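For reference, the structure discussed in these notes is given below.
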Amino acid sequence: MAATDIARQVGEGCRTVPLAGHVGFDSLPDQLVNKSVSQGFCFNILCVGETGLGKSTLMDTLFNTKFEGEPATHTQPGVQLRSNTYDLQESNVGLKLTIVSTVGFGDQINKEDSYKPIVEFIDAQFEAYLQEELKIRRVLHSYHDSRIHACLYFIAPTGHSLKSLDLVTMKKLDSKVNIIPIIAKSDAISKSELTKFKIKITSELVSNGVQIYQFPTDDESVAEINGTMNAHLPFAVIGSTEELKIGNKMMKARQYPWGTVQVENEAHCDFVKLREMLIRVNMEDLREQTHSRHYELYRRCKLEEMGFKDTDPDSKPFSLQETYEAKRNEFLGELQKKEEEMRQMFVQRVKEKEAELKEAEKELHEKFDRLKKLHQDEKKKLEDKKKCLDDEVNAFKQRKTAAELLQSQGSQAGGSQTLKRDKEKKNNPWLCTE
């Protein structure tokens, strides 16, 4: 085998060293492929769109299977995210696919906060991965990565322009997820209307500063096809799990009274383009963009909120240990400051409470003195009344005694006169005949 040149890092420079023969590290790509195949892959898709735009049907069509799921209604009080994970196998490659649907999106009268549950869900997946990264004992090799790799944003085929809800939601999501806009049920409008609608959507996205996912063109092997497909965004798609016999082949299609729409016919819709770009060509780039761009942005903002930084105020490198020590000292300083504030506040409240208690005690003493004086006055009045009553009772007794004495004297006088008359009658009988 011909000698291979390698670049070896030596200090700040590198020099090319020829090999005298075959070493074997050219098998590294094969080793990486074998390891990746044995571990399997994961891919997470977020489907955002109003109820009834065919999100579930398109997922079934994309992966050529029938995913279990309950149909959503238009009566949801708010937006809910429903996540389902499936294990798929194609040849010897395993894929753990997670499909997240927005149930009730766009069904409310007030749609102002419809995007918030979606943003909170995406941030929650980033936060879960960050917490796993920050653990002392990490198990990232077996950790189920639930971060959203692609967001298929379903646009209603109105043929006019994007709704305000669509613009606001995509603007809130473009820094957190790879957005691929698609026109759902594109067979509802004519070809000419569809072309104008695509131009209108692209113009509105650009004018409102919405950054959608662009298929990478830095890799020469896919630069041409990706560059061509970027010009076809947003994709106009049709989904169907029904197979109809067209010619001598069974094909996925939708039957209408006026004709048949073939899902995999590029003259009818962009379903094949979407499948090629999403699954067969750029799936790994979507995963990489999620990790290196969107997750890194979330991680950086989160760590900066926690006080971690790469450089000091003088723009000099700042190690993690120094950051930790500085944050620890800052925390201890704030803790001591809060402790001192709480102590002073406690002392102040104690003083205020003591003053309140003294004031209450003073008021109680004054009230007691008033009540005591009132009691003494009442007691004196009662004593005076009692004395008066006693005097009246004594006077009454004296009058009663005098009256009884007079009555007894009168009775004695009357009795003596009767005896005198009886004696006189006895001595002089003539007094009786008269």
Side-chain angles (χ1 to χ4, degrees), residues 29-30 32-37 39-49 54-55 57-65 67 86-100 145 147-155 170 173-174 176-184 186 198 201-202 205 210-240 251-252 262-295:
D30 297 331
L32 183 60
V33 168
N34 294 333
K35 183 178 180 181
S36 299
V37 169
Q39 290 179 349
F41 302 89
C42 71
F43 192 66
N44 307 319
I45 301 177
L46 171 63
C47 298
V48 181
K55 300 186 289 294
T57 304
L58 183 64
M59 290 297 101
D60 293 345
T61 311
L62 270 175
F63 292 94
N64 198 23
T65 187
F67 296 116
Y86 310 93
D87 287 321
L88 306 180
Q89 187 78 23
E90 187 176 35
S91 298
N92 65 332
V93 179
L95 178 67
K96 187 181 288 294
L97 176 67
T98 299
I99 299 176
V100 183
D145 186 4
R147 296 173 296 177
I148 300 300
H149 300 123
C151 171
L152 298 181
Y153 197 96
F154 289 69
I155 300 171
M170 282 193 277
L173 297 179
D174 64 356
K176 298 178 179 295
V177 70
N178 302 310
I179 300 177
I180 302 176
I182 59 177
I183 302 173
S186 61
K198 282 189 174 185
I201 291 173
T202 304
L205 292 176
V210 177
Q211 300 292 326
I212 63 174
Y213 174 73
Q214 294 290 321
F215 304 118
T217 56
D218 50 354
D219 186 353
E220 294 182 358
S221 60
V222 295
E224 183 177 356
I225 185 173
N226 280 350
T228 302
M229 291 302 165
N230 281 330
H232 285 83
L233 288 172
F235 293 134
V237 299
I238 302 168
S240 176
M251 303 181 67
K252 288 185 174 62
Q262 301 174 23
V263 173
E264 296 179 325
N265 188 335
E266 294 190 44
H268 292 182
C269 69
D270 296 333
F271 173 80
V272 174
K273 296 183 178 66
L274 173 64
R275 184 178 60 189
E276 290 287 328
M277 293 296 98
L278 180 66
I279 300 175
R280 299 182 180 178
V281 179
N282 297 301
M283 180 179 282
E284 181 56 31
D285 184 73
L286 287 165
R287 287 158 42 91
E288 182 182 348
Q289 285 291 322
T290 298
H291 182 78
S292 62
R293 180 186 170 193
H294 301 297
Y295 171 70

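All values derive from a computational prediction rather than experimental measurement. Reckoned from all heavy atoms, side chains included, excluding hydrogens, waters and symmetry mates.
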**Message:** Checking the side chain of Thr57 only, and the main-chain atoms of Ser240 only, is there a donor and an acceptor separated by less than 3.5 Å?
**Reply:** no

**Complete:** Rounding to 0.5 Å, atoms CG (Leu286) and CG (Asn44) come to a distance of 11.5 Å

**Prompt:** Any side-chain heavy atom of Met283 sitting closer than 4.5 Å to one from Phe41?
**Reply:** no

**Asked** How far does CZ of Phe63 sit from CG of Leu97, to the nearest 0.5 angstrom?
**Response** 4.5 Å

**Request:** Kindly check if the number of other-residue, nucleotide or ligand heavy atoms within 6.0 Å of CD (Gln89) is above 12?
**Result:** yes

**Request:** Please round to the nearest 0.5 Å and tell me the distance separating atom OG of Ser186 and atom CZ of Phe271.
**Result:** 11.5 Å

**Fill in**
Hits for side chain to side chain donor-acceptor pair (under 3.5 Å) against His294, two or more places apart or cross-chain, chain-then-number order -> Asn178

**Request:** Evaluate the side-chain proximity of Ile183 to Ile201: yes if any heavy-atom separation is below 4.5 Å, no if none is.
**Result:** yes

**Prompt:** Which word best sums up how the rings of His291 and Tyr295 line up, parallel for under 30°, tilted for 30 to 60°, or perpendicular for over 60°?
**Reply:** parallel

**Asked** Which residue pairs pass the salt bridge (charged side-chain N to carboxylate O under 4.0 Å, His left out) test when at least one of the two sits in residues 213-227, sequence neighbours left out?
**Response** none

**Message:** Using every non-hydrogen atom in the two residues, find where Cys151 and Leu173 come nearest and quote the distance to one decimal.
**Reply:** SG-CD1, 4.4 Å

**Asked** Tell me, do Pro216 and Asn226 make a side-chain contact under 4.5 Å, heavy atoms counted?
**Response** yes

**Asked** What pairs with Gln289 under side chain to side chain donor-acceptor pair (under 3.5 Å), at least two apart in sequence or on another chain?
**Response** none

**Request:** Flag the pair Asp285 / Tyr213 as yes when at least one side-chain heavy-atom distance between them is below 4.5 Å, and no otherwise.
**Result:** yes

**Message:** Side chains of Asp145 and Thr290, heavy atoms from C-beta outward: is any pair under 4.5 Å?
**Reply:** no

**Between CD1 on residue Ile155 and CE on residue Met170, distance to nearest 0.5 Å** = 5.0 Å

**Asked** Hey, what do you get for CD1 (Ile182) to CZ (Phe235), rounding to the nearest 0.5 Å?
**Response** 9.5 Å

**Request:** Quick one: closest heavy-atom pair of Ile99 and Cys47, and the distance?
**Result:** CG2-SG, 4.4 Å

**Request:** With sequence neighbours excluded, give me every salt bridge (charged side-chain N to carboxylate O under 4.0 Å, His left out) pair touching residues 266-277.
**Result:** Lys198-Asp270, Glu264-Arg275, Glu266-Lys273, Asp270-Lys273, Glu276-Arg280

**Asked** Tyr86 vs Phe67 aromatic rings, parallel, tilted or perpendicular, using cut-offs 30° and 60°?
**Response** tilted

**Asked** Between the side chain of Lys55 and the main-chain N/O of Phe154, is any donor-acceptor distance below 3.5 Å?
**Response** no

**Complete:** When every non-hydrogen atom of Ala150 is compared with those of Leu278, the smallest separation belongs to CB-CD1, 4.0 Å

**Request:** Mind checking salt bridge (Lys or Arg N to Asp or Glu O under 4.0 Å) for Asp174 and listing every partner two or more places apart, or none if nothing turns up?
**Result:** none

**Message:** Under a 3.5 Å distance rule, please check whether Asn230 uses its side chain to pair with a backbone N or O of Phe215 as donor and acceptor.
**Reply:** yes

**Message:** Within this structure, what is the CG-OG1 distance for the pair Asp60 and Thr65, rounded to the nearest 0.5 Å?
**Reply:** 7.0 Å

**Request:** Using the test ring pair (Phe, Tyr, Trp, His ring centres under 6.0 Å), find all partners of Phe43 that sit at least two apart in sequence or belong to another chain.
**Result:** His149

